[in-house]
Amino acid sequence: MTNEKSNVKESIFRESKVKAPLMLDARYLRENLEAVEARLKSRGEGVDLSGFRQLDERRRELLQQSESLKALRNKVTEEISRLKDKSQAEGQKAQMREVSQQIKGLDESLRQVEEELQNFLLTVPNIPNPTTPVGRSEADNVVARTWGEPGNYSFAPKPHWEIGEELGILDFERGAKLTGARFTLYKGQGARLERALINFMLDLHTQEHNYIEMLPPFMVNRESMTGTGQLPKFEDDLFHLEGVDYFLIPTAEVPITNIHRSEILKGSDLPISYVAYTPCFRKEAGSYGKDTRGLIRQHQFNKVELVKFTSPETSYQELEKLLGNAEEVLRRLNIPYRVVELCTGDIGFSSAKTFDIEVWLPGQNCYREISSCSNFEDFQARRAGIRFRPDEKAKPEYVHTLNGSGLAVGRTVVAVLENYQQADGTVLVPEALRPYMGGVEKIG
RNA sequence: GGAGAGAUGGCCGAGUAGGUCGAAGGCGCUCGCCUGCUAAGCGAGUAUACUGGGAAACCGGUAUCGAGGGUUCGAAUCCCUCUCUCUCCGCCA
């Protein structure tokens, strides 16, 4: 196995069709620098775009110099080719030798400037949508709606780790023995429950919500990770393989969105809706001591993910639908939840707008995130070069990409265990799930 | 892992003794004509990105024949490296 460490960096830019993708539209940026800066500021982190203008001007300057020399060379070269007697051209050849040297120098400078520009733009987050509430942190998120009533328990509801261990369906100690902290072994009906939920969700989304099922690779290359925005900024959160420059996916969003990287889609094919089950691998760096018990925060967990490619005009309608599709899972399972609209300070790097679905966990007496549904607008599409032609004749435009968990499976197990626990320590199986559990009505 | 073949436009497919090739031809597609309807037929058009000019329509420049580099006044065509695909052998779920 050969490891081309030296190629790792430049490989980001190795795209066949779209060369040097710019995250935020360079021309748009050029003309709206201040406005963009102001809007990015609402995310909380100070983004300084002042370096951009200089680099951008330098780039165009070099480009023009280089291109006019190339035009000259092309002209002279053509003249030479027309000559019958090539020996007449010695003078021109010598002159063009000189020109070619100059071009080489200019192109090298250009390459450097473009790389700088690129590296900078890759670290600039998406511009929040105007409808995203402005706020600093989680505390400023807005509850959009609540569904279901948290149940009344005649006993003190237990957290899922106690329920799972007592029923012998979750084994945290052996998970840690096999691998380490934040890994869990599911046993018997626990494993069955996880699998039932996966199938239930996939069936719901494919059969009733018209998503196309995909089963992608669970590890991807650097281009894919850059396309959706995990790289270059968040490499520390990813598991990287030794020997090959591949990463374990932190979410199916990465392989599924990248399916159409560097493609021009037909406008009539939009919206495209995919659903995929995959395991997800996350280092959870920086979350030491947080959610150390139970299934909430694992290095490996299962998720059913919804992904859409849409036209810019319809992306927010599609986001509503996607969110509704994810909510439907909890409604069918009859588990209370609420929908939260994230504020500018809390949305992810690539997102323009995000709704979280938070499920009610009686064992912990709180709502916990179980799904995150986002519209990335054209941010990922730009990075990944995903475009569409509105009409046969029309120029390609960037699509909007969206995705959302539909749902995080491990956390759904948590929700089922805690919401369906009985006084005697057993857990009822939600009715919608029974066909997927071989008719089993109760665990324990 | 060993041996060989290949990578050209939406698709198929020419082009490799370097020159006017962004690239023949066909299919598809778009517009127009024709036609009682359909089919066939005729004509025109049909890549992308960056960049200069323009309010715009549009006009000009540069680049792109898997990717990167080299030789040359000039490369789809020659040389080197890499990636991917296919065939055969080995190995393997």
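Proteins get letters first, then strands, A, B, ... in listed order; numbering begins at 1 in each. The model shown is predicted, which means the values in this text are computed figures rather than measured ones.
Distance A/Asp391 CG to B/U30 P: 12 Å, rounded to the nearest Å. Counting to the nearest Å, the C1' atom of B/U62 and the CD1 atom of A/Ile103 are 10 Å from each other. B/C73 atom P lies 19 Å from atom NZ of A/Lys75, rounded to whole Å. Going from atom CG of A/Leu72 over to atom C1' of B/G74 covers 13 Å, rounded to whole Å. Look at CE on A/Met96: it is 17 Å from P on B/U71, rounded to the nearest Å. In this structure, NZ of A/Lys70 is placed 11 Å from C1' of B/U64, rounded to the nearest angstrom. At whole-Å resolution of the value, CG in A/Leu69 and P in B/C73 are 16 Å apart. In this structure, A/Lys266 places its NZ atom 12 Å from C1' of B/C11, rounding to the nearest Å.
Few gaps surround CD on A/Glu208; more than 12 heavy atoms of other groups in view lie less than 6.0 Å from it. For A/Glu166, the CD atom counts as densely surrounded, since its 6.0 Å shell holds more than 12 non-hydrogen atoms of other residues, nucleotides or ligands. The number of heavy atoms from other shown groups lying within 6.0 Å of CE (A/Met214) is above 12.
OP1 and OP2 of B/C50 both lie 4.0 Å or more from every side-chain N or O belonging to A/Arg59. Taking side-chain N and O atoms only, A/Lys104 has a distance below 4.0 Å to OP1 or OP2 of B/U71. An OP1 or OP2 oxygen of B/U20 is reached within less than 4.0 angstrom by no side-chain nitrogen or oxygen of A/Arg82. The side chain of A/Arg387 places an N or O atom within less than 4.0 Å of a non-bridging phosphate oxygen (OP1 or OP2) of B/A49. Contact annotation: A/Arg30 does not reach the phosphate of B/C50 (side-chain N/O to OP1 or OP2, under 4.0 Å). The phosphate of B/U72 has neither OP1 nor OP2 within less than 4.0 Å of any side-chain N or O from A/Ser100. Of the side-chain N and O atoms in A/Asn74, none sit less than 4.0 angstrom from OP1 or OP2 of B/G74. An OP1 or OP2 oxygen of B/G52 is reached within less than 4.0 angstrom by a side-chain nitrogen or oxygen of A/Arg60.
Here A/Arg60 pairs with A/Asp56 under the salt bridge (Lys or Arg N to Asp or Glu O under 4.0 Å) rule; sequence neighbours left out. A/Glu327 pairs by the salt bridge (Lys or Arg N to Asp or Glu O under 4.0 Å) definition with A/Arg145, A/Arg331, not counting sequence neighbours.
Distance check on atom C1': B/G74 versus B/G1 gives 42 Å, rounded to whole Å. Comparing B/C78 with B/U16, their P atoms are spaced 10 Å from each other, to the whole Å. For B/A7 and B/G66, the C1' atoms lie 6 Å apart once the distance is rounded to whole Å. Here, B/C42 and B/A47 have their P atoms 22 Å apart, quoted to the whole Å. B/G45 and B/U62 are spaced 23 Å apart, taking the P atom of each and rounding to whole Å. Spacing of P atoms, B/C29 relative to B/A40, comes out at 10 Å, to the nearest Å. As rounded to the nearest Å, B/G15 and B/G25 have C1' atoms that lie 11 Å from one another. Taking the P atom of each, B/G70 and B/A56 are spaced 38 Å apart, rounded to whole Å.
Residue contacts shown for A/Ile80 include a base, since a base heavy atom lies under 4.0 Å away. A/Arg111 comes within 4.0 angstrom of no nucleic acid atom, judged by non-hydrogen atoms across all strands.
In this structure, A/Arg389 and A/Ser81 both approach RNA chain B, and ranking their closest nucleotides by distance from the 5' end singles out A/Ser81.
The shortest non-hydrogen separation linking A/Val429 to A/Arg434 is O-NE, 2.8 Å.
Judged by atom type and distance alone, A/Gln64 does not reach the base of B/G52 through any side-chain donor-acceptor pair under 3.5 Å.
Listed nucleotides: B/U48, B/C73, B/C84. Nearest to the side chain of A/Tyr246: B/C84. For A/Ile264, the side-chain atoms get nearest to B/U48 when compared with the rest of B/U48, B/G19, B/G74. Comparing B/U62, B/C50, B/G74 by their nearest atom to the side chain of A/Ala71 picks out B/U62.
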Check: What's the verdict on side-chain hydrogen bond (donor to acceptor under 3.5 Å, both in side chains) for A/Ser350 and A/Asn126, showing C-alpha distance, side-chain angles and the deciding distance?
Finding: CA-CA 5 Å; A/Ser350 303; A/Asn126 198 1; over 6 Å; no

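Note on A/Lys177 versus A/Glu173: no salt bridge recorded, every NZ/NE/NH1/NH2 to OD/OE distance being 4.0 Å or above. Between A/Glu377 and A/Lys353 there is no salt bridge, since none of the side-chain N atoms of the basic residue sits less than 4.0 Å from a carboxylate O of the acidic one.
Of the candidates A/Arg182, A/Arg297, A/Arg411, A/Asp291 forms a salt bridge (charged side-chain N to carboxylate O under 4.0 Å, His left out) with just one, namely A/Arg297.
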Item checked: Paired and unpaired positions of RNA chain B as dot-bracket, Watson-Crick or G-U wobble under 3.5 Å, | denoting a partner strand -> ((((((((.[[[..)...(.....]]]((((((.......))))))(((((((....))))))).[[[[[..)....]]]]])))))))....

